[in-house]
Amino acid sequence: MSRRTAPDRSIALILVGTVLLLPPLATIFLIDGKLAGVPITFLYILVVWGLLIIGGAILARPLRENDTLTATTTESEGPEVPRTDG
Amino acid sequence: MLSVNLILAVCIGYVALLFAVAFIVDRQTRRRRIAWLQSPIIYTLSISVYCTAWTFYGAVGSAARNGLEFVTIYLGPTLVFVGWWFLLRKLVRIGRNNRITSIADLISSRYGKSPSLAVLVTTIAVIATTPYIALQLQGVTSTFQVIAGGGDAVTTAFWVAAGMALFTILFGTRNLDANERHHGVVAAIALEAVVKLIALIAVGAFVTYSVADGFRDVFQDVSPEAIRGAGDIFGPRWVVLTFLSATAVICLPRQFQVTVVENIDERHLAMASWLFPLYLFGMVLFIMPIAFVGLRMMPEGANPDLFVLTIPLAEERYELAMLAFLGGFSSATSMVIVAAIAVSTMVSNHVIMPVALRVLAARHAVSGDVRKLLLASRRISIGIILGLGFLYFWISGGSDALAAIGLIAFVGVAQFLPSLLGGLFWQGATRAGALSGLIVGFLLWAYTLFLPSFDGDFILSASVLANGPWGIEVLRPQAMLGLSGMDPLVHAVVWSVGANALIFLVVSTLTEPSALERLQGSLFVNVYRAADGGVSHNAIGSADTEDLFVLAQRILGNEPARALFDEMARDQGRAGALPYATDAVIARLERELAGSIGAASAHAMVTRITGQENVGMTELIDIADEAQQLIETSRELSEKSAALEQAAAQLRAANERLRALDAQKDDFLNQVSHELRTPMTSVRSMSEILKEETDISDEERARFVSIIHNESVRLTRLLDELLDINRLEAGTLNLNVEPIEANASIASALDAVSGLTRNAGVAVTFEPLPQAVYVSANPDRLRQVLINTLSNAVKYNPSETPEIRVRAHRNGDDVLIDVIDNGGGVSRKDANMVFEKFARGSRSDRNQGAGLGLAISRAIMRKMNGDLTIEFVSDSISYFRLSLKESVDETAAFQPAAAK
């Protein structure tokens, strides 16, 4: 995946996630049925949630590397060593 | 049944474990063996301090009562973390660059390091956090009572609070970390996060697969209404709760602490972005099964909030119940610890320290005092926060009012959101906007949600809740301005957050940010652009490095201050000496100090020592203004110099003209003296002859006298003419212009020269105007001009049979009188010259007149709005033309009519 497109995809992911999890779209899945014994509405929320997590996990690396491209300063410092008193 | 002693032993053992973990980690970080601690997993686990006892126990209760609604509390954070790239990354970057110690510090820093904003945010945080801490105490005590089968709630709560205070003071204020990071605490929190997740999943799995027979069985008898809750599940409340939880995961002081302040590497966010939602997913997975199985198997009236604990107890799975209790205990304690650290930092940095420092500055305390004071202030603050929490729990008596406090606190901290987001993404946001928005939001939150939550027991009475204050219905706290029929929470969010955001926006647009606000605003909004987040301080005046060093010693401690200054001196190539107080040094020091005492205080202290305010935007603007004025002035100058050049050119021209005139005057004088000299010579020589020669005949004598007379007359005429021309040229001659009849004037002039023409034998013809025309002229002067022109025509006519033709005619408004002689007139070559003074045409001979006549005539004609010109028939043949304006005088217009 291109590092450059990662932020755009991230926006798309959140927007899609937000739209799917909020009314009015969510009300489509307000169905009184069950799938594999689990109420469909509950299942729907879990599935969208799970997809958001997977999407976030896929995008995490390209986003992080994109950041090292755009901002090398904080990265080059390396992890900060805390100050000790004494 | 579990024995109280066993439970206590397990609890104490668990707490001892936490202490040990924190202690070991703290020691390891001192020895810098902290690689494993820098794992993003630890960071993610510490963020799960979001899940408190309220979510650990309360989620099940919520699911039992309202169905799916509880999920929203986890969906908001999920969205925020998945979208870490846009908000959290910026927050963390800003936090690191500016050594931000708390959300109050961040907001205050952003808006010009404003102490008043810091105090306001701190106040709101304390008010929102105190009941939340009380809720955690209640969670621990009520579950303790359930599992131990009794016990005094207040005593339990007290010991829990005291234990947490001890832990927090021990590990939260061990040192004054430059970045306000607490590795030991974070490690302990991470451990607790693992315990609560395992506990909840263990109980969930047990309930689902042991008590019930899998998910299918769990949901078998569940009605759709149970999933949907009381009302329309995907309604306004769903949206508002999602918004609130998303807000809370940013704005809650403890979340800000773990996410932003304790962050050691920005890249950890990338992993937390999906791992934290996954953690929440794990926490949620078994909530519904526990709730529904509990509702099915537990007796009527059992508190669903305690199902996590009561189901294992009912199934006599005590070890599981113990684990569940520890999970709840972990949730509660981790929240209390982090909240206490976060809020006490705020209280200490923004309330206690500024006051203490002012007192101390007056007393000139020795180095090291501030450091001790700072630690003491932190510890006291922690004690105050936990004391308040305990007090709140004690006074409210563990009432049901506490149960709702989780969401109420969410709405309370949501008031930070407009100022926070506005400050991060909008440079136009101002301190006044943030202050007014926060105050209004906070007051509306208190009025519409917080105070009504006491059900009329605190400040707002039951009647006020029902009928509004003083019976004013439109001010009813839960139906402001008649906005009724809404869920109270939705109502409160709409009013408080809505008004907050609007006022923030409006006031920000109406006010001007101060210099520091502008600077901080651009640093925050453009944080990715600033290479090192370095503040472009331009300290003016000379800061005394020694004073700065003393200040650093007081706050950072001896060694760290020495190390810092040595490093800065080395950077300047002055190893072993104190560094110069350059802008970079001051900015660096201010940042380092901000890590301990907050940006506002650090800025105030450094500024006091450097003696002068940093060159702020106002100064820069002033400088810019001055530059602008300079540009303006120089433009004016160049305009003026252009005008001057023009004037100089005019002067030069005038000077040249003056010189020319001077030369003319000399010429004129030459001419005049010459002209005077000729007759004077005649007069003198004649009179000398008359005086000296005795033997002259009477005839000759008479001739000489006659010559003397003639020459005198000529002299007089010359002088008259000179006077005339002088007055005409100077403009002092006033000519009374009146309407006169043109033909008559010409005829009269012809009469006057008739003697002359007759003597010279000149034939004169006159072609008058066909009818009488009145011209505006001075009759005497016109006559003078005519006579002069006519006599010229007679005198300078070389023809054998001289003739003069006078022709009058009209050309529009002009009346033209042409004097034409057959002598050829003035040649084109001489045309310009003849009007000069003392000039005579080349065709004239030397002895006739002084040559002033034409010059005078033309001056007179021009004075009468007319002119005297030479008209050419060919190059060598010309004639004179007098032009006059027809009179437009009313009397003149009348007279010709009368003449007819």
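Lettering follows sequence order; numbering is per chain, from 1. On a predicted model such as this, the values are computed, not experimentally measured, just so you know.
Of the listed residues A:Gly17, A:Gly33, A:Pro23, the one with more heavy-atom pairs under 4.5 angstrom with chain B than any other is A:Pro23. Among the candidates A:Ile31, A:Val48, A:Leu52, A:Leu13, the residue making the largest number of heavy-atom pairs closer than 4.5 Å to chain B is A:Leu52. Per-residue counts of heavy-atom pairs under 4.5 Å with chain B were compared for A:Pro24, A:Pro39, A:Gly55, A:Gly50; the largest is that of A:Pro39. Across B:Phe81, B:Trp238, B:Phe215, the residue that shares the most heavy-atom pairs under 4.5 angstrom with chain A is B:Trp238. Per-residue counts of heavy-atom pairs under 4.5 Å with chain B were compared for A:Thr27, A:Leu30, A:Leu22; the largest is that of A:Leu30.
To the nearest 0.5 Å, atom OG1 of residue A:Thr41 and atom CD1 of residue B:Ile233 are 8.5 Å apart. Note that CZ of B:Phe86 is 7.0 Å distant from CG of A:Leu63, once rounded to the nearest 0.5 Å. Rounded to the nearest 0.5 Å, atoms CZ (A:Arg61) and CZ (B:Arg267) are 11.5 Å apart. Note that OG1 of A:Thr18 and CG of B:Leu75 are 10.0 Å apart. Values are rounded to the nearest 0.5 Å.
The main-chain N or O of B:Met271 is never found under 3.5 Å from a side-chain atom of A:Arg64 such that the two would form a donor-acceptor pair.
Between B:Phe234 and A:Ala26, the closest heavy-atom pair is CE1-O, 3.3 Å. Of all non-hydrogen atoms in B:Ala270 and A:Ala60, the two that sit nearest each other are O-CB, 3.3 Å. Between A:Asp32 and B:Arg228, the shortest heavy-atom contact is OD1-NH2, 3.0 Å. Residues B:Val82 and A:Gly56 share a closest heavy-atom pair of CG1-CA, 4.3 Å. Nearest approach of A:Ser10 to B:Trp85, heavy atoms of both residues: OG-CB, 4.4 Å.
Both the backbone and the side chain of B:Tyr74 come within contact range of chain A, with heavy atoms under 4.5 Å apart. For B:Gln220, the part lying near chain A is the backbone, with the side chain staying farther off; criterion is any non-hydrogen pair under 4.5 Å. Interface remark: B:Leu280 contributes backbone and side-chain atoms alike to the contact with chain A (heavy atom separation under 4.5 Å). Residue contact with chain B, scored on non-hydrogen atoms closer than 4.5 Å, involves the backbone and the side chain of A:Leu46 alike. Looking at B:Ile227, only its side chain comes within 4.5 Å of chain A, counting heavy atoms on both sides. Residue B:Leu79 touches chain A through both its backbone and its side chain, counting heavy-atom pairs closer than 4.5 Å. A:Ile54 does not touch chain B: none of its heavy atoms, backbone or side chain, sits under 4.5 Å away.
In this pair, B:Phe281 and A:Trp49 present their aromatic rings perpendicular. The plane angle is above 60°, beyond the 30 to 60° band.
Residue A:Ile28 qualifies as enclosed at atom CD1: its count of foreign heavy atoms under 6.0 Å is above 12.
Considering only heavy atoms from C-beta on, A:Leu21 stays 4.5 Å or farther from B:Thr242 through its side chain.
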